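Notes follow the structure.
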Amino acid sequence: MSEHILVGTDGSKVALTAAEWAALEAEDRGVGVTVVGVYDANAFHRRLVRPKDLAEREAERVVNTTIARMAKVAPVVDAVGEVVEGSSPARELLRRSASASLVVLGSYGTGFLRGTRLGSVADQVAAHARVPVVVVPSLPTETDARDVVVGVDGSPGAEVSVEAALEFTVASGGRVHALWAWSAPESMVPVGSPEEERLREWRRADLDKALRPILERHPNADIAREIVRDPPVRALLTGVPRVRLVVVGARGAQGFSPLPLGGVARGVLYRSDIPVMVVHHPDV
């Protein structure tokens, strides 16, 4: 793996927003960026729209436009472009992701269905890449926000997610908020009751146990502990104000192993208004 960020682009507004986000992250990390545009020449031929050379030139224009936009926000970042012929943008990006340290994509591109929040390319790359993937939504992000919230549930995937969050904040200068979400019916555990406080203490002990091996490796890490009574997706999206990034493991403690993305990861991807990083455990 080399220290560079891989950015996929199709020239859409969301893709350009994601590229700008990636440029700022590359500037913080002191790494380069590879911008990839994928075109399907066969599709153009089948539709009798235009020949392959025009399709390739359009892809080159998109890549060059993306690099120019990145240069405006992070002029010192070394960005190179690559134009690839292929029928599946997700497949081509996944092939190249193995040599990158991070993949950054817009939440959807030019072919998205109206009313959706996540396109097929972002969905597939987040589900199958073995390196962290950041999906950037269409809404402008708060570039002055530096903190990160990461979901913790005691699973191996959560541990590598906290490591990824720490790596991000080393570059950004922010703080990691390790969040353990829990919920219980109000009729069984009333708000403010002794039972609720007891459950909070148990969850706090669970979170301390989950963070212990990480803090042994990173004794100076600045990690805030957050115990939130809410379903996990809502807790991650609303439990900590003004964060720059939400980090989730691809699958948590309740994940169904054949699924590349668990319900929490997918729920956060579909509903978040800020960038989301999906992290896969290398052995899962």
Side-chain angles (χ1 to χ4, degrees), residues 117-118 126 135 137 139 141-142 145-166 168-169 172 174-257 259 261-281 284:
R117 298 284 299 269
L118 190 70
V135 177
L139 296 176
T141 59
E142 292 187 86
R146 293 296 176 185
D147 287 3
V148 175
V149 59
V150 55
V152 181
D153 61 0
S155 65
E159 186 170 337
V160 297
S161 297
V162 176
E163 292 276 5
L166 284 172
F168 182 90
T169 55
S172 70
R175 189 183 197 192
V176 171
H177 296 261
L179 184 149
W180 191 295
W182 69 281
S183 59
E186 171 72 17
S187 59
M188 295 176 59
V189 185
V191 174
S193 66
E195 291 80 9
E196 183 190 49
E197 184 55 34
R198 190 175 303 115
L199 284 171
R200 285 186 182 277
E201 289 300 324
W202 289 347
R203 298 291 83 82
R204 190 171 291 109
D206 289 336
L207 178 55
D208 289 344
K209 180 180 178 181
L211 293 177
R212 194 170 300 130
I214 299 167
L215 291 172
E216 288 174 355
R217 294 192 295 271
H218 307 279
N220 297 321
D222 185 11
I223 302 179
R225 293 165 171 81
E226 311 287 350
I227 309 297
V228 178
R229 181 177 180 174
D230 230 345
V233 173
R234 190 163 60 195
L236 285 165
L237 296 179
T238 64
V240 180
R242 294 197 76 252
V243 296
R244 186 167 185 239
L245 184 72
V246 179
V247 182
V248 291
R251 289 202 309 274
Q254 305 301 320
F256 182 53
S257 59
L259 296 177
L261 281 182
V264 173
R266 193 171 293 280
V268 171
L269 280 170
Y270 271 86
R271 299 174 190 174
S272 181
D273 291 330
I274 64 173
V276 176
M277 177 188 286
V278 177
V279 184
H280 287 260
H281 191 282
V284 178

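Quick caveat, the model's predicted, so the values are computed rather than measured. Computed over heavy atoms, backbone and side chain alike; hydrogens, waters and symmetry mates excluded.
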Worksheet item: Can you name the nearest heavy-atom pair linking E186 to V191, along with the distance?
Response: OE1-CG2, 3.2 Å

Discussion item. Whether the side chain of D147 engages the backbone of R175 through a donor-acceptor N/O pair (distance < 3.5 Å, no angle test) should be reported.
Written reply: yes

Worksheet item: Do you know which two heavy atoms are closest between V243 and V240, and how far apart they sit?
Response: CG1-CG1, 3.6 Å

Worksheet item: In Å and rounded to the nearest 0.5 Å, what is the CE to CD distance from M188 to E196?
Response: 13.5 Å

Discussion item. Checking S193 now: which residues fulfil side chain to side chain donor-acceptor pair (under 3.5 Å) with it, not counting sequence neighbours?
Written reply: E195

Item to complete: Return the set of residues passing side chain to side chain donor-acceptor pair (under 3.5 Å) with R200 (not counting sequence neighbours), or none when no residue passes.
Response: none

Item to complete: Check whether any side-chain heavy atom of R229 lies under 4.5 Å from a side-chain heavy atom of L199, and answer yes or no.
Response: no

Discussion item. Under the criterion side chain to side chain contact (heavy atoms under 4.5 Å, CB included), I'd like the reasoning laid out for V135 against V278: C-alpha separation, chi angles, the key distance, then a yes or no.
Written reply: CA-CA 8 Å; V135 177; V278 177; 5.6 Å; no

Worksheet, complete the sentence: Paired with V149, the side-chain contact (heavy atoms from CB on, under 4.5 Å) test is passed by just one of V228, I274, L237, L179, namely L179

Worksheet item: Is there side-chain contact between E226 and W180, with at least one heavy-atom pair below 4.5 Å?
Response: no

Worksheet item: Taking 4.0 angstrom as the limit, do R204 and E201 come out as a salt bridge?
Response: yes

Item to complete: Please answer whether the main-chain N or O of S161 pairs with a side-chain N or O of H281 as donor and acceptor at a distance below 3.5 Å.
Response: no

Worksheet entry | L269 backbone acceptor or donor facing S272 side chain under 3.5 Å | no

Worksheet item: Does a side-chain N-to-carboxylate-O contact under 4.0 Å join D206 and K209?
Response: no

Practice prompt. For residues L236 and V150, report the shortest heavy-atom separation together with the two atoms involved.
Written response: CD2-C, 4.0 Å

Worksheet, complete the sentence: CG (L211) and CD (E216) are apart, to the nearest 0.5 Å, by 11.0 Å

Discussion item. Please enumerate all residues that pass salt bridge (Lys or Arg N to Asp or Glu O under 4.0 Å) together with R217, with sequence neighbours excluded.
Written reply: E159, E163

Worksheet item: Are I214 and L166 close enough, and set up right, to give a side chain to side chain contact (heavy atoms under 4.5 Å, CB included), and what steps lead you there?
Response: CA-CA 10 Å; I214 299 167; L166 284 172; 3.8 Å; yes

Worksheet item: How far apart are the closest heavy atoms of V148 and V247, and which atoms are they?
Response: CG1-CG2, 3.5 Å

Fill in: Minimum heavy-atom distance between P137 and D273, given as atom pair plus value
CG-O, 3.3 Å

Discussion item. Once rounded to the nearest 0.5 Å, what's the spacing between atom NE2 of H280 and atom CG of L261?
Written reply: 5.5 Å

Practice prompt. Supply the atom-to-atom distance H177 NE2 to D222 CG, rounded to the nearest 0.5 angstrom.
Written response: 8.0 Å

Worksheet item: Would you say the side chain of V162 lies within less than 4.5 Å of the side chain of I223, judging by non-hydrogen atoms?
Response: yes

Worksheet item: Considering all heavy atoms of both residues, which atom of P275 and which atom of R244 are nearest to each other, and what is their separation?
Response: CD-O, 3.6 Å

